[in-house]
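Throughout, protein chains are lettered first and strands after them, A, B, ... in sequence-line order, and every chain is numbered starting at 1.
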2 protein chains.
Amino acid sequence: MNRANNIINSDTPQSTEAVILKAASEVFMERGFDGARMQEIADRAGLNKALLHYYYRSKEKLFNAVFERVLIEMIEGMIQIFEDNLTVFESIRSFFKKHQEILMKNKLLPLFMLNEIQRAPELLIDLYPVDRIQVVRKKFYSDVNNEQHMGIIRKDVDPHDLFLNILSLSVFPFAAKPLLKGFYSMDENDFQSMISHRKENLADFVINAIKA
Amino acid sequence: MNRANNIINSDTPQSTEAVILKAASEVFMERGFDGARMQEIADRAGLNKALLHYYYRSKEKLFNAVFERVLIEMIEGMIQIFEDNLTVFESIRSFFKKHQEILMKNKLLPLFMLNEIQRAPELLIDLYPVDRIQVVRKKFYSDVNNEQHMGIIRKDVDPHDLFLNILSLSVFPFAAKPLLKGFYSMDENDFQSMISHRKENLADFVINAIKA
DNA sequence: GTTTAATTTAACCAACTGGGCAAATAAAAT
DNA sequence: ATTTTATTTGCCCAGTTGGTTAAATTAAAC
């Protein structure tokens, strides 16, 4: 068994397994599980449709392989950002900067994940040890608490809410990209410059909101 | 033709058309266009499947009827909130309060809309006059500008960004509901109390972020 | 009451979709 | 070189899906 070890969006996949996984993640991301067709995945991989079943048995198994990879990639990326020993304000700055860059590389990721978890919530618990993210969250919470006692952060800030707010501000514009394009009549370039603009300003927004 | 005039989630639909539309919006919201099955819609409406085609011709037409209604309901709701002549801070408070209540009544709405617009971006321009929302946005922008000159709101706040931030904070938790349930291991009650908590605190968060 | 039009139903169909399989080809092992 | 194993292909299949249609039923018009 030739386990595929390169990143999903790598430009030079070698093994057949990896070629399939790459094509599959493209199609699943664009169309979702229900909208994706095994034939389209095969076409995009330049392979016979039966090969998908040879390597991954079923559409569901193939999807799980894609989803697990994406999920881990995303969570580990987020965890890394918070792992460094920084002040809360520095963490926030660092988070927005790096997270926006990650999402910029795969703009479909947020909506894809949100949607598939809504379709099949068991994906989350089946494919990932939820505890893993708890650790980082708890650390963030206690950091916030400390700085509240030090008079840096306002006392009425709930760390739980703060975490969710940061995530909302970071992720939502990507999930809502097609909507924004319609309402603000933006093209791809407008969207990109909006994001790089936000990459710099989101942290200020949040820090102003919570500083004592 | 007995045009259905009651709200989608009304409890006492009468005409067959309305019964179909209600069942259809339920199923489409839960499963999305690709995941929805005409048979399930018929079953949930307690009607023969052929009736769906008798009244709405095709799955796509039925979906459009559902989507158009939901889209208009949502946008008009949002517009109403901003239409009153309030200060920016008051508008923000009023927006979060009312918007959270609207979303609470239909928690699936955000993810549904985001997802379907990603699938078929033409839905937006085909089914709704985009200009309608421009007016309100422009008014909000000039209100913000005024209060910036009056020294109420920080000068470095970009109204465009502010609008998007408010939307992100309001909508994202609903779109991410299944994700949050998994990560925070919340049940339905936890989610509801989180939202009512946020309904009160989101405005403070934003106002602190932008006040001069 | 009878005719006419609208509504509802059951049965059916063609296209699509995920998946299976046996034969063919290529690669490894001996 | 030959056997054995792994990979790839073409072809097929059964179940599902959106959609049709002719007949049955109900409601409206006369």
Check your understanding: Do NZ/NE/NH1/NH2 and the carboxylate oxygens of Arg44(B) and Glu40(B) come within less than 4.0 Å?
Key -> yes
Check your understanding: Is Arg198(B) positioned over the aromatic face of Phe205(B), cation under 6.0 angstrom from the ring centre and no more than 45 degrees off axis?
Key -> no
Review point. Taking N and O atoms by type only, does the side chain of Lys59(A) place a donor or acceptor under 3.5 Å from a partner on the base of dG19(C)?
Key: no
**Study point:** Contact under 4.0 Å: Thr16(B) side-chain N or O vs dT7(C) OP1/OP2
**Key:** no
Review point. Should Tyr54(B) be listed as having a side-chain N or O under 4.0 Å from OP1 or OP2 of dT9(C)?
Key: no
**Study point:** Value in whole Å for how far the P atom of dT8(D) lies from CG of Leu51(A)
**Key:** 5 Å
Study note, to complete from the structure: Applying ring-ring contact (aromatic ring centres under 6.0 Å, His included) to Phe33(B) and not counting sequence neighbours gives Phe63(B)
Check your understanding: Roughly, in whole Å, what's the span from CD in Glu40(A) to C1' in dT17(C)?
Key -> 13 Å
Review point. Heavy atoms, side chains only, cut-off 4.5 Å: are Leu162(A) and Val206(A) in contact?
Key: yes
Review point. Starting at CG of Asp34(A) and ending at C1' of dC16(C), how long is that distance when rounded to a whole Å?
Key: 15 Å
**Study point:** Separation of dC16(C) P from Arg37(B) CZ (nearest whole Å)
**Key:** 15 Å
Check your understanding: For the pair made of CD1 in Ile41(B) and P in dG18(D), what is the distance, rounded to whole Å?
Key -> 8 Å
Check your understanding: More 5' along DNA chain C: Ala36(A) or Ala50(A), using each one's nearest nucleotide?
Key -> Ala36(A)
Review point. When the distance from CZ of Arg57(A) to C1' of dG19(C) is rounded to whole Å, what number comes out?
Key: 11 Å
Review point. NE2 of His53(A) versus P of dA6(D): gap in Å, rounded?
Key: 21 Å
Revision key, fill the gap. Taken to the nearest whole Å, CG/Asn48(B) to C1'/dT26(D) is 15 Å
